[in-house]
Amino acid sequence: MRVGFAGLGRMGREMAANLGAAGQALTLWNRTPERAAALAAGIGAEAVASPRALANRCEIVVTMLADDAASREVHFGDEGLFAGKAARLFVEMGTMSPDHIAELGACAPKGTQVIDAPVSGATQAAREAQLLIMAGCDEAAGAPLAPLFGAMGRRTVFLGAPGAGAVMKLGVNMLIHGLNQTLAEALALTRAAGIPREAAFDVIEASAAAAPMLSYRKPLYLDDLAGDVTFTVALALKDMAVTAELADRLGVALPQGAATLAELRSAVAQGFAERDMAAMVPFMEARSR
């Protein structure tokens, strides 16, 4: 069985590398061909020139894309994945709206299946194959993917229905972005009172408010410009905007989410879009002056 992988960004390249290390026969595609070619050479895979070529070569295609628009571009059109002839299973592991997952399912070629399986975990978790995978299918439907999920993650939760993985990922990310915002405010408050950021962070990390993301993101929270970007403010804004749209349609009030969304919009407007989401700390400190 040959597996295709499309989308070799910060997360995708680590996930694809783990599939290659697990012995999967792997074919790669990326919008930037040089990135696919370099990774293919490094892990003993092959690279192709288009999504269509990927789906002509592989039975299973995994995509790790940024948003609905990027996914549409890769799946649809004469050179899109859905124009290929060999693929029978399409697995979208990026953070998408549930509406887009439904759109993919409705437009997929006859005899094929689309499964949403977004992940929780930053680039380090992707590198170490420690991702949590949230699959929008039952365990039986996901059985052909077990070797792939096992190579990329520490646990897969099967949520039953198509789109359920996408919804669950929005719920998880809403918590993450809310915590990120509250941490930024707490550090701004304590610094204004004269407590150095590192000392305040050490206390928070040792307190009942500690969460795993605080520890593995600590260097970025102390200085977001000193390390590699793992998740941008712009992507956080995208997540929260999609979550707000879903909540509005379902009639669910998200007052905390609305506040987080407003702050992310302000940060993007002030030039923080491509900085790591840990940059909400200096953003809030600047607002407090």
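For the single chain, residues carry numbers from 1 onward in sequence order.
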**Q** About how many Å separate CE of M11 and OG1 of T95, when rounded to the nearest 0.5 Å?
**A** 8.5 Å

**Q** Does V252 share a hydrophobic cluster with L246, counting links as ILVMFWY side-chain heavy atoms below 4.5 Å and allowing steps through other members?
**A** yes

**Q** Does anything in residues 116-148 form a ring pair (Phe, Tyr, Trp, His ring centres under 6.0 Å)? List the pairs, not counting sequence neighbours.
**A** none

**Q** Using side-chain hydrogen bond (donor to acceptor under 3.5 Å, both in side chains) as the criterion, list what pairs up with R197, not counting sequence neighbours.
**A** E285

**Q** Can you confirm whether N30 sits close enough to R13 that some side-chain heavy atom of one is under 4.5 Å from a side-chain heavy atom of the other?
**A** no

**Q** Using 0.5 Å steps for rounding, measure from the OG1 atom of T260 to the CD1 atom of I176.
**A** 12.5 Å

**Q** Heavy-atom distance under 4.5 Å between the side chains of L237 and L261, does that happen here?
**A** yes

**Q** Shortest non-hydrogen contact from A209 to L214?
**A** O-CD1, 4.0 Å

**Q** Contact between L8 and W29 at the side-chain level, heavy atoms closer than 4.5 Å - yes or no?
**A** no

**Q** Which atom names give the shortest non-hydrogen contact between P118 and A166, and what distance separates them?
**A** CG-N, 4.0 Å

**Q** Considering residues at least two apart in sequence or located in another chain, which fulfil the side-chain hydrogen bond (donor to acceptor under 3.5 Å, both in side chains) criterion with E205?
**A** S215, K218

**Q** Rounded to the nearest 0.5 Å, how far apart are CG of L131 and OG1 of T123?
**A** 10.0 Å

**Q** Let's go through Q24 and L148 carefully: what are the C-alpha distance in whole Å and the side-chain angles of both, what is the deciding distance for side chain to side chain contact (heavy atoms under 4.5 Å, CB included) to 0.1 Å, and is it a yes or a no?
**A** CA-CA 8 Å; Q24 295 294 333; L148 309 187; 3.5 Å; yes

**Q** Mind checking side-chain hydrogen bond (donor to acceptor under 3.5 Å, both in side chains) for E128 and listing every partner two or more places apart, or none if nothing turns up?
**A** Q124

**Q** Please list all pairs meeting ring pair (Phe, Tyr, Trp, His ring centres under 6.0 Å) that have one or both residues in residues 87-127, counting only residues at least two apart or in different chains.
**A** F82-F90

**Q** So how far is it from F5 CZ to L19 CG, rounded to the nearest 0.5 Å?
**A** 6.5 Å

**Q** Take L187 and L183, measure what side chain to side chain contact (heavy atoms under 4.5 Å, CB included) needs, and give me the verdict at the end.
**A** CA-CA 6 Å; L187 292 176; L183 174 67; 4.0 Å; yes

**Q** Please answer: with hydrophobic residues joined when any side-chain heavy atoms are less than 4.5 Å apart, are V281 and L235 in the same cluster?
**A** yes

**Q** Decide whether M93 and I115 are clustered together by the hydrophobic rule: side chain heavy atoms of Ile, Leu, Val, Met, Phe, Trp, Tyr closer than 4.5 Å, transitively.
**A** yes

**Q** Between R2 and L26, is there a donor-acceptor pair closer than 3.5 Å when you use the side chain of the first and the backbone of the second?
**A** yes

**Q** Taking only residues at least two apart or on different chains, which pairs with a member in residues 50-69 satisfy side-chain hydrogen bond (donor to acceptor under 3.5 Å, both in side chains)?
**A** E46-R57, S50-E79, T63-E92, D68-S97

**Q** Do L254 and M240 land in one hydrophobic cluster if side-chain heavy atoms of ILVMFWY residues count as linked below 4.5 Å?
**A** yes

**Q** Let me confirm one number: the CZ-CZ distance from R127 to R10, rounded to the nearest 0.5 Å.
**A** 12.0 Å

**Q** Around atom CZ of R72, are there more than 12 heavy atoms from other residues, nucleotides or ligands closer than 6.0 Å?
**A** yes

**Q** For the residue pair P98 and D116, establish whether any side-chain heavy-atom pair is separated by less than 4.5 Å.
**A** no

**Q** Hey, could you give me the NZ/OG1 distance between K85 and T112, rounded to the nearest 0.5 Å?
**A** 11.5 Å

**Q** Tell me, which pairs form a side-chain hydrogen bond (donor to acceptor under 3.5 Å, both in side chains) where one or both residues lie in residues 261-273, sequence neighbours left out?
**A** E263-R287

**Q** Between V167 and L132, is there a shared hydrophobic cluster once you connect ILVMFWY residues whose side-chain heavy atoms come closer than 4.5 Å?
**A** no

**Q** Please lay out, stage by stage, how L264 and M280 fare under the test side chain to side chain contact (heavy atoms under 4.5 Å, CB included).
**A** CA-CA 8 Å; L264 288 167; M280 293 304 291; 4.0 Å; yes

**Q** Which residues satisfy the side-chain hydrogen bond (donor to acceptor under 3.5 Å, both in side chains) test with D99, sequence neighbours excluded?
**A** R249

**Q** Kindly give the heavy-atom pair with the smallest separation between M64 and G94, and that separation in Å.
**A** SD-N, 3.6 Å

**Q** Could you pull out every donor-acceptor pair under 3.5 Å between side chains of residues 104-111 and any protein atom, sequence neighbours left out?
**A**
none

**Q** Is it true that a side-chain atom of N180 and a backbone atom of M277 form a donor plus acceptor pair closer than 3.5 Å?
**A** yes

**Q** Closest approach of V48 and L54, non-hydrogen atoms and distance?
**A** CG2-N, 3.7 Å

**Q** What pair of heavy atoms forms the shortest contact from L28 to A36, and how long is it?
**A** CD1-O, 3.8 Å

**Q** Could you go step by step and tell me if M1 and I60 meet the side chain to side chain contact (heavy atoms under 4.5 Å, CB included) rule?
**A** CA-CA 8 Å; M1 179 178 67; I60 297 176; 3.3 Å; yes

**Q** So which pairs with a foot in residues 161-214 pass ring pair (Phe, Tyr, Trp, His ring centres under 6.0 Å), sequence neighbours left out?
**A** H177-F231, F201-Y221

**Q** Suppose the criterion is side-chain hydrogen bond (donor to acceptor under 3.5 Å, both in side chains): which pairs have a residue in residues 223-233, not counting sequence neighbours?
**A** R217-T230, D224-R275, T230-D276

**Q** Name each donor-acceptor pair under 3.5 Å that joins a side chain in residues 149-163 to protein atoms two or more places apart or in another chain, with its distance.
**A**
| residue | atom | partner | partner atom | Å |
| --- | --- | --- | --- | --- |
| R154 | NE | Q130 | O | 3.2 |

**Q** Which heavy atom of C58 sits nearest a heavy atom of V61, and at what distance?
**A** CB-CG2, 4.4 Å

